[in-house]
2 protein chains.
Amino acid sequence: MARRANAPASADLDVRKATILEAVVSEHIDTNQPVGSSSVASSADIGVSPATVRSEMVSLEREGYLAQPHTSAGRIPTDKGYRYFVDHLENGVLGPAQQQQISDFFASVRGEVEDVLEQTSTLLSQMTSYTAVVVGATHAHASILSAQLVNIDAHHQLLVTVFSDGSVIKHSLAPHFEVDHETCAEASRQLNALLIGTTLESAVQVPSRSDHVAQLVRDSVAVLHAQQPTADGEQVFIGGSSRVADSFDGVDTVRKVLSILEQELLVVSLVQDMLSRGLSVAIGSENGFEPLSTCAVVVAPVTIDGTPAGAVGLLGPTRMKYQEAMAAAGAVSQHLARHFGGDEEHANH
Amino acid sequence: MARRANAPASADLDVRKATILEAVVSEHIDTNQPVGSSSVASSADIGVSPATVRSEMVSLEREGYLAQPHTSAGRIPTDKGYRYFVDHLENGVLGPAQQQQISDFFASVRGEVEDVLEQTSTLLSQMTSYTAVVVGATHAHASILSAQLVNIDAHHQLLVTVFSDGSVIKHSLAPHFEVDHETCAEASRQLNALLIGTTLESAVQVPSRSDHVAQLVRDSVAVLHAQQPTADGEQVFIGGSSRVADSFDGVDTVRKVLSILEQELLVVSLVQDMLSRGLSVAIGSENGFEPLSTCAVVVAPVTIDGTPAGAVGLLGPTRMKYQEAMAAAGAVSQHLARHFGGDEEHANH
DNA sequence: GCTGGCACTCGGTAGAATCGAGTGCTAACA
DNA sequence: TGTTAGCACTCGATTCTACCGAGTGCCAGC
């Protein structure tokens with residue numbers, strides 16, 4: 001994994017240039033300052049003088065890996081520079097303390113899936129001090145275990161549907177006729193007969209009669225299947241959004257990023273887009289939203305029994321600590337998969 | 001309502017001082033700058049010279065209503081100054097455009113309660129450009145309409161409980177013995193018999209037998225009633241958290257406030273504390289959290305059929321536009337109450 | 001091809017000068 | 001007695017200057 005999935009076939013730099021580039025990137029990540037030739041020359045184990053480093057740097061700048069904020073300042077990495085750095089990163093290893101922290105967390109966490117995912121996002125955020133995103137997959141493919149119509153009053157019913165992945169969704173109905181308990185119970189029975197074992201994608205033969213029971217059944221199926229097109233099944237949990245405030249300098253950047261995070265749909269599509277492109281890191285402009293041009297996003301898919309079940313992600317500045325972030329996201333995603341795939345085989349998404 | 005609920009019995013200022021104080025507060029809210037005596041003298045309809053205003057100002061400062069950032073700058077209001085200002089505020093009226101916006105929203109909004117509340121928080125935030133908080137009350141007092149135990153697999157069951165307020169909660173069970181469909185269905189029947197009509201606060205006589213059905217029933221009741229002590233029934237929806245970023249200047253303030261917002265429990269307790277003290281506005285130190293010392297919070301209770309059902313709130317800087325904020329929060333809370341109390345009598349909290 | 005040397009650039013910082021909004025005080029006035 | 005005009009004073013903000021120094025690009029020599 002020293003080379004990430006579909007890394008762009010960046011014409012490989014020669015060894016020295018690569019060393020210099022990596023030195024610049026890691027020092028800039030540490031200090032948030034432009035990096036000069038002399039500190040590179042002294043820091044790394046390249047036995048060359050600053051002058052040589054400098055001439056390599058102009059070359060790296062011509063090739064688009066580095067940029068200088070202004071003449072006579074050091075260099076800072078471009079998105080392309082970060083990309084090269086990330087593509088050539090060794091797999092980081094989590095510190096024992098952090099591993100322990102994750103293990104402890106998953107050993108002691110309890111509650112419903114949503115609670116676990118919520119808390120996981122907080123954990124990940126605390127570990128990395130970046131904003132964490134946990135996405136739970138949709139239940140599009142889960143089959144229905146139970147569909148119950150509950151009579152709230154004569155004009156309000158609640159359709160409660162339980163899926164094989166343990167998720168529950170509800171829909172309200174407000175028919176224009178009065179419904180007594182008997183009618184409701186009968187509709188409930190018919191819905192169960194009709195829906196159990198199907199998925200949201202299955203076609204269902206609804207009764208065409210015009211009595212109240214049939215109408216209730218038809219309405220219920222309709223409102224349930226209407227769920228599908230919105231693709232709204234995913235759940236998003238965002239942990240540590242306050243971390244945005246210390247990841248970026250300008251208040252307006254903070255505002256923009258928070259604003260993106262507020263639109264959860266955007267976040268989901270971002271993460272899913274990355275996964276479908278096989279990316280685990282998106283840097284600056286790579287993630288497609290202008291306001292995120294100074295952000296980097298790290299994602300790790302959560303795979304249970306071979307099927308994609310969600311993802312965990314981290315959002316930080318482009319100068320984020322990629323190795324730590326990737327290691328943390330990877331470890332947490334694996335623990336999540338084990339947690340839901342292992343002892344709780346079906347209580348997951 | 002020109003005087004708010006239990007306004008501190010602030011020894012009333014004489015008319016001129018009050019006018020001056022109000023002028024200072026409103027100008028400072030507008031400009032975010034210290035206000036000088038001359039602008040007060042010219043702005044308001046007090047026919048006195050700046051010199052007179054000045055001498056009144058030193059008096060107001062001695063009494064704690066004003067402060068000066070440094071010698072030879074204008075005055076800014078203290079929390080006490082804002083308090084006086086708010087206590088003597090006329091009831092603001094929403095602009096017709098905003099009223100229309102609210103009406104349109106509630107006319108077109110649909111979906112489950114949670115969705116409505118979520119979108120309401122966004123609406124309120126957009127209208128005011130402050131961060132909005134919508135709190136839905138707990139279902140502690142709602143009675144149980146249905147309790148169903150669904151068999152996910154032999155070792156995992158899901159208890160799905162529907163309340164009379166239309167809310168649904170789920171709990172997983174993981175018994176150590178195998179459960180077949182028949183056992184599960186029987187337990188479900190017994191649970192229904194046992195729980196329907198009770199509330200989470202009711203004592204329930206569970207079977208003492210030791211067969212699997214009885215164990216399932218006992219476990220279910222236990223896990224359900226365990227919900228209670230956490231008082232976790234409230235739902236919190238926060239809209240426009242990115243607005244924090246343009247309400248405050250310092251990045252660290254932004255961080256602190258976001259951090260508070262992340263801890264939803266804190267937010268809930270803050271709002272409830274304010275309601276129980278009969279406050280509709282908390283200014284700076286009044287809201288009890290040090291990081292919120294530069295914040296003001298406006299809340300309006302949502303009352304349905306005479307019983308408290310939640311609250312809507314707005315969080316902004318102490319120099320927020322109180323009149324607008326209070327008007328908006330009040331209007332939205334009323335619309336919410338009507339929305340859930342009127343045509344959907346029971347589909348609410 | 002590498003390196004030391006060197007002139008040059010230019011952002012950042014420090015200090016001085018200045019500006020001006022706003023104050024507090026006092027003496028005069030109604 | 002309350003109000004006001006006048007005035008000296010304060011002090012943050014702004015501007016300007018000088019200057020430092022980190023870092024560069026280039027070149028000549030090794």
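First the proteins, then the strands, lettered A, B, ... as listed; each starts at 1. When reading the values below, keep in mind they use all heavy atoms of this one structure, side chains included, and skip hydrogens, waters and symmetry mates. Quick caveat: nothing in here was measured; it's all calculated off a predicted structure.
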So, taking the atom named [atom1] in [X] and the one named [atom2] in [Y], what distance separates them when rounded to the nearest 0.5 Å?
{"X": "A:Thr52", "Y": "A:Ile46", "atom1": "OG1", "atom2": "CD1", "answer": "9.0 Å"}
{"X": "A:Leu261", "Y": "A:Ser259", "atom1": "CG", "atom2": "OG", "answer": "9.0 Å"}
{"X": "A:Glu324", "Y": "A:Gln98", "atom1": "CD", "atom2": "CD", "answer": "6.5 Å"}

Whole-Å distance between [N] [atom2] and [X] [atom1]?
{"X": "B:Glu61", "N": "C:dT23", "atom1": "CD", "atom2": "P", "answer": "10 Å"}
{"X": "A:Gln68", "N": "C:dC10", "atom1": "CD", "atom2": "P", "answer": "10 Å"}
{"X": "B:Gln33", "N": "C:dT23", "atom1": "CD", "atom2": "P", "answer": "14 Å"}
{"X": "B:Met57", "N": "C:dA21", "atom1": "CE", "atom2": "C1'", "answer": "13 Å"}
{"X": "A:Glu56", "N": "D:dG25", "atom1": "CD", "atom2": "P", "answer": "13 Å"}
{"X": "A:Lys17", "N": "C:dC2", "atom1": "NZ", "atom2": "P", "answer": "11 Å"}
{"X": "A:Ile76", "N": "D:dT24", "atom1": "CD1", "atom2": "P", "answer": "13 Å"}
{"X": "A:Ile20", "N": "D:dT24", "atom1": "CD1", "atom2": "P", "answer": "11 Å"}

Open item on the list: With side-chain contact (heavy atoms from CB on, under 4.5 Å) as the test, pick out the partner of A:Met320 among A:Ile29, A:Ile283, A:Val298.
Closed with: A:Val298
Open item on the list: I'd like to check the side chain to side chain donor-acceptor pair (under 3.5 Å) partners of A:Tyr322; sequence neighbours left out, ordered by chain and number.
Closed with: none
- [ ] Answer yes or no: is there a side-chain heavy-atom contact under 4.5 Å between B:Val236 and B:Val133?
- [x] yes
Open item on the list: List the residues meeting side-chain contact (heavy atoms from CB on, under 4.5 Å) with B:Ser37, not counting sequence neighbours, and say none if there are none.
Closed with: B:Pro50, B:Val53, B:Arg54, B:Met57
Task: Pair listing, side chain to side chain donor-acceptor pair (under 3.5 Å) test, anchored in residues 246-258 of chain A, at least two apart - done: A:Asp246-B:Arg255, A:Arg255-B:Asp246
Which pairs, protein N/O on one side and nucleotides 11-19 of chain D N/O on the other, fall under 3.5 Å?
residue: D:dC11; atom: O4'; partner: B:Ser72; partner atom: OG; Å: 3.4

Could you run down the sub-3.5 Å N/O contacts of the protein with nucleotides 3-5 of chain C?
residue: C:dT3; atom: OP2; partner: A:Ser49; partner atom: N; Å: 2.9
residue: C:dT3; atom: OP2; partner: A:Ser49; partner atom: OG; Å: 3.4
residue: C:dT3; atom: OP2; partner: A:Thr52; partner atom: OG1; Å: 2.5

When you compare the protein's N or O atoms with those of nucleotides 15-19 of chain C, which come within less than 3.5 Å of each other, and at what distance?
none

Open item on the list: Ignoring hydrogens and geometry beyond distance, is a side-chain donor-acceptor pair present between B:Glu63 and B:Ser59 at under 3.5 Å?
Closed with: yes
Open item on the list: With a 4.0 Å cut-off on N to O distance, would you call B:Arg83 and B:Asp79 a salt bridge?
Closed with: no
Task: Residue that, paired with B:Tyr82, satisfies side-chain hydrogen bond (donor to acceptor under 3.5 Å, both in side chains) out of B:His28, B:Arg319, B:Glu286 - done: B:His28
